[in-house]
Amino acid sequence: FFRTRPPAGRGLVDRAVRRVFPYIWIRPRSLAGWRLRINPSRMSQFVIYEEVFMARTYDLAQVAFVPDAVVDCGAFEGYFSLLAKARFPGAPVIAFEPNAENFAGLRANVDANRLEVDARREAVSTVDGEASFAGDGCGGHLAEADEAGPTDRVLTCDLRRVLAQLAPRRLLLKLDIEG
C-alpha cells in the first residue's frame, strides 16, 4: 500500500489508504519499547531509519561514558534523540531541527513516548538570530541570500552559547547539519 510510486491502476487505492493511515508506528528494539512514527510516503524517513536503526551508524553502546547532556543538531524526526534517551535516560536532551515538517515529526515522536526532550525549531549557527532555510526532508540547509528556490525564515541559535550554558563535563554531541 505504501509505495512511493504505485503500480499502474493502484494509485487511487494507495492514496486512499494513505489518507486513512498517513503514518505507521513501529517499535525498534533499540528504543526499549518506545514507538517511532514513520510516514511511508516520505523516502527520507526510510533512509534515516535505515541509517540509525539498521546500519547502527550511531551505536551508542560504543560511548564509553554517561553524558551529562545530549545535543542533537539536525534532529530530523528525533530518531537519534529517542535512541540517546533510551540509552541514557537520565541525560537531558536538546534537539535542534529547523525544518517545520521534520520538527512536527520530532514533536510527535517525543510526545507519543512522553519523553522530556527540549525540542527547538531552530538551526544551529554561530550567532543567535534569523536566517533563510532551504530544502526539505533530508538535506535542508541555511540558504545563501541569492539562492534560488523557496526558503523559510527560521531562528538560529548560537551553539557555542548553548554549550557554555549547559557546561557539561561529558557531552554527547550529534552534529548532522548542512551548511
Side-chain angles (χ1 to χ4, degrees), residues 1-63 66-67 69-124 133 135-141 152 154-155 157 172-178:
F1 282 125
F2 293 110
R3 294 175 173 222
T4 56
R5 289 192 177 99
R10 297 246 345 247
L12 289 175
V13 172
D14 286 348
R15 282 193 296 277
V17 169
R18 277 192 214 122
R19 267 189 232 111
V20 175
F21 301 106
Y23 303 104
I24 56 175
W25 290 88
I26 58 177
R27 295 181 189 273
R29 187 174 301 135
S30 56
L31 291 185
W34 293 336
R35 304 184 305 156
L36 186 71
R37 184 181 89 164
I38 300 277
N39 179 340
S41 66
R42 287 184 63 203
M43 184 56 75
S44 60
Q45 295 200 357
F46 291 106
V47 170
I48 302 301
Y49 179 89
E50 191 275 335
E51 177 182 285
V52 174
F53 296 105
M54 296 171 77
R56 298 180 58 187
T57 300
Y58 303 109
D59 183 2
L60 298 182
Q62 300 297 314
V63 176
V66 175
V70 176
V71 178
D72 183 357
C73 301
F76 187 60
E77 296 218 354
Y79 299 1
F80 176 83
S81 293
L82 270 65
L83 189 65
K85 206 62 176 156
R87 178 75 179 169
F88 307 111
V93 174
I94 300 175
F96 293 96
E97 177 51 56
N99 178 283
E101 191 173 352
N102 294 346
F103 184 78
L106 166 63
R107 287 282 358 142
N109 284 319
V110 167
D111 292 347
N113 294 293
R114 296 182 179 96
L115 298 176
E116 280 191 44
V117 171
D118 182 358
R120 301 180 184 187
R121 186 172 174 234
E122 300 173 342
V124 294
F133 184 81
D136 60 350
C138 300
H141 59 277
D152 290 325
V154 297
L155 295 175
C157 180
L172 179 57
L173 173 65
K174 186 214 103 207
L175 191 61
D176 186 0
I177 61 172
E178 288 72 30

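Fair warning: this is a prediction, and the values are worked out from it, not measured in the lab. Count residues from 1 along the sequence.
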Quiz prompt | Flag, side chain of Asp176 to backbone of Gly74, donor-acceptor distance under 3.5 Å | solution = no
Practice problem: Check for a donor-acceptor pair, side chain of Asn102 on one end and backbone N or O of Pro98 on the other, with a separation under 3.5 Å. | Solution: no
Using salt bridge (charged side-chain N to carboxylate O under 4.0 Å, His left out) as the criterion, list what pairs up with [X], not counting sequence neighbours.
X      : value
Arg120 : Asp118
Arg87  : none
Asp152 : none

Quiz prompt | Contact summary for Ala119 and Arg107, nearest pair of heavy atoms | solution = CB-NH1, 3.3 Å
Quiz item: At their closest point, which heavy atom of Ala108 faces which heavy atom of Arg37, and how far apart are they?
Solution: CB-NH1, 3.6 Å
Which pairs would a plain distance check flag for residues 78-86, meaning a side-chain donor or acceptor within less than 3.5 Å of a matching protein atom at least two apart in sequence or in another chain?
residue	atom	partner	partner atom	Å
Ser81	OG	Asp72	OD2	2.7
Lys85	NZ	Pro89	O	3.4
Lys85	NZ	Ala91	O	3.0

Hey, does [Y] have a side-chain heavy atom less than 4.5 Å from the side chain of [X]?
X      : Y      : value
Ile177 : Phe96  : no
Leu60  : Leu172 : yes
Phe88  : Val63  : yes
Leu155 : Arg121 : no
Pro40  : Phe46  : yes

Practice problem: Kindly compute the distance separating CD (Glu77) from OH (Tyr49), expressed to the nearest 0.5 Å. | Solution: 14.0 Å
Practice problem: Have a look at Phe53 and tell me which of Ile26, Ile48, Leu36 forms a side-chain contact (heavy atoms from CB on, under 4.5 Å) with it. | Solution: Leu36
Exercise. Would you list the pairs meeting salt bridge (charged side-chain N to carboxylate O under 4.0 Å, His left out) in which at least one residue belongs to residues 44-63, sequence neighbours left out?
Key: Arg56-Asp59
Exercise. Using the test side chain to side chain donor-acceptor pair (under 3.5 Å), find all partners of Arg35 that sit at least two apart in sequence or belong to another chain.
Key: none
